[in-house]
Structures are given as C-alpha cells and as structure tokens.
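Following: one structure in structure tokens, then a few remarks.
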Amino acid sequence: MTKSCNSEFIKKVFIIAEAGVNHNGSLELAKEMINAAVEAGADAIKFQTFKAEKVVSRYAPKAEYQKKTTTADESQLDMIKKLELDADAHRELITHCRQKNIQFLSTPFDLESIDFLNKLGLEIFKIPSGEITNLPYLRKVGVLKKEIILSTGMADLGEIEDALDVFMEAGTKLKDITVLHCNTEYPTPFEDVNLRAMLTIKAAFPGVNIGYSDHTPGIEVPIAVVALGARVIEKHFTLNKNMKGPDHKASLEPNELKAMICAIRNIENALGDGIKKASPSELKNKTIARKSIEAACDIKKGEVFTKNHITVKRPGTGISPMRWDEIVGKTSTKDYHEDDLV
C-alpha cells in the first residue's frame with residue numbers, strides 16, 4: 001500500500017475522479033461516490049450528461065468490453081438509457097459537491113446537454129474522445145469560451161489539431177485548453193498506453209496544457225505520467241467493481257483511488273524545483289557523511305606534510321579533501337596525534 005500523503009505538499013496536478021455512469025442511474029449511489037471521491041482527496045468528480053436517444057441510435061452495437069459486462073441481449077441504447085441523470089439529479093449533485101467542497105464536472109454527450117450544463121454554471125467542459133470529430137459539438141462548446149479538457153483517445157495529431165482549430169475559431173483561447181492523452185480500450189493493455197505520446201502532443205501544440213485520462217488496471221500509469229509533466233489526471237472509479245454495469249470492472253475502488261491520489265501528491269511534491277543543492281532535511285548529514293583531512297600518524301611541529309602524513313576520514317568538520325594538494329608540502333605549525341583534524 002502507498003504510504004500516507006505528505007501533508008505539506010503543494011497541489012499542482014488537477015485530479016478528476018471519473019464517476020461516469022458507475023452510479024447505475026441512482027442518485028443516492030452518485031452521492032455516495034461524491035463522498036468517496038472527497039475522502040480519497042480528488043479535486044473534482046465527473047459524471048456524464050446525456051439524453052440516450054440523442055446520443056445512440058437503436059442500431060448502434062455495444063463495445064466489446066460492454067458486451068462482457070452487461071446483459072448480452074440488451075442494446076447500447078437500452079443500456080445507457082438506464083444510466084441517465086435527470087435535471088433535478090444534476091442540481092442535487094451540484095449542491096452536494098458544494099457542501100463537500102469538491103468540484104462538480106460532467107461530460108455532455110449531445111448539444112442539448114451542452115446548453116444544460118452551461119445553464120448550471122459549469123466553468124470547465126470535459127470533451128470525451130468520441131466527440132473529437134463532431135464539428136457542431138466542438139463549435140458549440142468553443143463559443144462558450146470556458147476552460148476545456150479534451151480527451152484524445154483514438155485520435156491522431158491531425159484530428160487533435162482540427163479540434164483545437166475549431167475551439168479557437170469559435171473564441172476559446174489556447175491557454176484555456178488541456179489536451180489529455182488517452183486510450184479508449186477498457187481496460188487498456190499496458191503495451192498500448194504509449195505515455196510518450198503525451199509529450200508528442202505537448203511538442204506539437206505549444207501553449208496547451210497536457211494531461212492523461214487513464215483506463216489501465218491499477219494505479220501505476222497515472223502516477224508515472226505525473227513525472228512526465230501531466231497537469232490533469234482522470235481516472236474511473238466505482239464503489240464496487242462487482243456491481244452490474246459497463247465500466248465497473250475497469251474502475252478503481254475507493255481505497256485504490258485514495259492510494260493513487262496519495263502517490264500522485266507525493267510524486268509531484270518529490271519533483272521539486274529542479275535546483276540541485278543540499279535539501280534542508282539532508283544538511284544535518286553533511287558533516288557526518290563527508291570527510292576531512294586528518295593526521296595519518298603522529299606529526300611533530302615543524303615537519304613537512306607528505307602524503308604519508310595525512311589521510312581522509314570522517315567527520316567532515318575539518319579541511320575538505322579537495323584541498324589535499326594545498327596541504328602536501330606545507331610545514332606543520334603544531335604537534336598532531338593520529339586522527340587529529342589537520
């Protein structure tokens with residue numbers, strides 16, 4: 001298990017606990033997830049906002065992972081229709097988030113949902129990977145001139161560039177956009193993660209913030225990507241992986257989410273300012289670990305120091321061994337016993 005978080009850390013990485021549809025359509029379960037995200041230390045919790053009929057046609061197939069985690073003869077439309085949260089539920093969840101001091105986020109999946117979330121006062125719009133090629137959708141979000149977090153699963157650099165161009169032409173500033181590297185397979189095989197692609201995105205689009213939306217099992221990858229410079233981390237979680245529903249199996253349970261967040265906080269704290277110098281905690285070890293020039297034998301006043309007269313030993317409270325050449329050839333001004341500091 002990860003050790004407790006350092007209470008002195010400075011939070012820099014924005015961590016989103018992705019509830020998604022793991023509430024299974026239950027308002028009470030959604031509130032429990034908010035409580036769990038707060039307990040884990042997340043900055044925000046994110047849900048999904050949609051009208052099923054406006055997102056999925058009755059002919060749309062399920063993804064392979066969805067077929068494995070839901071009823072086989074159920075259509076994608078029927079599956080997600082049961083996972084909708086109505087307007088009143090959204091308002092109640094926002095109120096609960098305010099009471100618990102965690103930011104409420106939700107991903108809109110249709111044009112009406114964009115308008116709805118805007119009316120609710122959301123300042124950050126999280127764009128899912130599946131909408132990165134949806135021009136009307138992107139334009140509608142762009143004109144709001146809000147902060148945007150864009151997931152890029154399945155996309156290449158050209159598609160990311162096109163989406164960014166749409167946002168900027170609609171009025172959103174590049175500095176207000178965070179691009180998340182992502183892989184949309186649930187769970188993502190480690191060999192398909194390609195974390196260096198996040199750095200490619202950063203190099204290709206100077207000025208954007210970068211981050212990572214994770215669907216791998218476990219917590220190692222989100223921790224690693226923080227060391228590569230991710231400013232935003234998104235991770236699915238659930239109250240219980242054994243619950244029925246499409247995403248539970250590929251999500252973290254609350255104790256795992258907390259361990260991930262603690263590790264991220266410790267890593268970002270450990271990254272430091274990049275200046276190579278003795279840290280406050282190690283200064284006390286300097287004289288203990290380093291060495292000084294000492295007498296290797298008894299030395300009489302007036303004797304000339306040779307390399308046979310002196311040696312290097314701990315502690316480091318005397319003359320630095322880097323001044324060895326200055327001492328050799330000098331005349332002793334006093335008597336020394338073996339192990340005396342010169």
Side-chain angles (χ1 to χ4, degrees), residues 1-15 39-43 190 193 195-196 198-199 202-203 206 209-212 214 216 218-233 235 255-342:
M1 291 296 292
T2 301
K3 294 182 180 179
S4 298
C5 295
N6 184 340
S7 60
E8 300 301 321
F9 66 76
I10 300 173
K11 291 167 62 173
K12 299 175 184 177
V13 178
F14 188 68
I15 301 176
E39 171 63 24
D43 297 297
F190 287 106
V193 171
L195 286 185
R196 291 191 180 95
M198 185 186 74
L199 302 180
K202 182 179 181 179
N209 301 303
I210 55 169
Y212 176 67
D214 185 54
T216 62
I219 66 175
E220 304 98 315
V221 176
I223 296 167
V225 80
V226 169
L228 291 179
R231 311 309 303 142
V232 175
I233 294 293
K235 182 73 173 180
N255 63 323
E256 296 172 306
L257 179 66
K258 186 172 185 177
M260 183 197 80
I261 292 174
C262 279
I264 287 173
R265 296 306 183 206
N266 288 336
I267 290 299
E268 65 180 327
N269 203 31
L271 287 172
D273 59 14
I275 299 171
K276 180 54 184 169
K277 60 182 179 181
S279 72
S281 65
E282 68 178 345
L283 279 174
K284 63 182 181 298
N285 300 325
K286 197 170 183 179
T287 57
I288 304 299
R290 290 191 175 181
K291 296 176 178 177
S292 304
I293 296 176
E294 297 183 0
C297 58
D298 291 345
I299 304 169
K300 298 294 184 181
K301 180 179 178 180
E303 284 190 72
V304 176
F305 288 111
T306 69
K307 63 181 181 179
N308 295 322
H309 284 98
I310 56 177
T311 188
V312 173
K313 292 183 180 181
R314 292 176 179 175
T317 53
I319 297 174
S320 169
M322 293 299 288
R323 298 178 63 188
W324 177 274
D325 291 343
E326 294 179 38
I327 302 301
V328 174
K330 289 285 194 303
T331 300
S332 173
T333 59
K334 55 178 281 189
D335 292 338
Y336 290 95
H337 295 294
E338 183 180 352
D339 280 351
D340 283 349
L341 292 172
V342 171

Scan residues 305-325 for pairs that pass salt bridge (Lys or Arg N to Asp or Glu O under 4.0 Å), counting only residues two or more places apart or in two chains.
K313-D339, R323-E326
Work out which heavy atom in K235 is nearest to a heavy atom in G218; give both atom names and the distance.
NZ-O, 3.0 Å
Closest contact, heavy atoms only, G211 versus A230:
CA-CB, 3.9 Å
Measuring from I223:CD1 to E268:CD, what's the distance to the nearest 0.5 Å?
12.0 Å
Do E220 and F190 have side chains that get closer than 4.5 Å, going by heavy atoms?
yes
Only residue of I233, I261, V225 satisfying side-chain contact (heavy atoms from CB on, under 4.5 Å) with V13 is I233
Looking at every non-hydrogen atom in both residues, tell me the closest pair between G318 and S292 and how far apart they are.
N-OG, 2.8 Å
With sequence neighbours left out, what residues match E338 under salt bridge (Lys or Arg N to Asp or Glu O under 4.0 Å)?
none
Which distance, rounded to the nearest 0.5 Å, do you find between the CG of D298 and the CG of D340?
8.5 Å
Looking at every heavy atom in both I327 and F305, which two are closest together, and how far apart are they?
O-CB, 3.5 Å
Nearest-0.5 Å distance, CZ of residue R231 to CG of residue N209:
8.0 Å
Correct closest heavy-atom pair for K12 and R265 would be N-NH1, 4.4 Å
Check whether any side-chain heavy atom of T317 sits under 4.5 Å from a side-chain heavy atom of L341, and report yes or no.
yes
Evaluate the criterion side-chain contact (heavy atoms from CB on, under 4.5 Å) for residue pair V221 and Y212; output intermediate values, then yes/no.
CA-CA 9 Å; V221 176; Y212 176 67; 3.4 Å; yes
Quick check: do I15 and M260 have side-chain heavy atoms less than 4.5 Å from each other?
yes
In a table with atom names and distances, give each donor-acceptor pair under 3.5 Å that connects a side chain of residues 280-290 to protein atoms at least two apart or in another chain.
from: S281; atom 1: OG; to: S279; atom 2: OG; distance (Å): 3.2
from: E282; atom 1: OE2; to: S279; atom 2: N; distance (Å): 2.9
from: K284; atom 1: NZ; to: S281; atom 2: O; distance (Å): 2.5

For a quick test of reading the model, state the closest non-hydrogen atom pair linking P321 to V312 and the distance between them.
CG-CG1, 3.6 Å
I'd like to check E294 versus I310 (side-chain heavy atoms, cut-off strictly below 4.5 Å). Are they in contact?
no
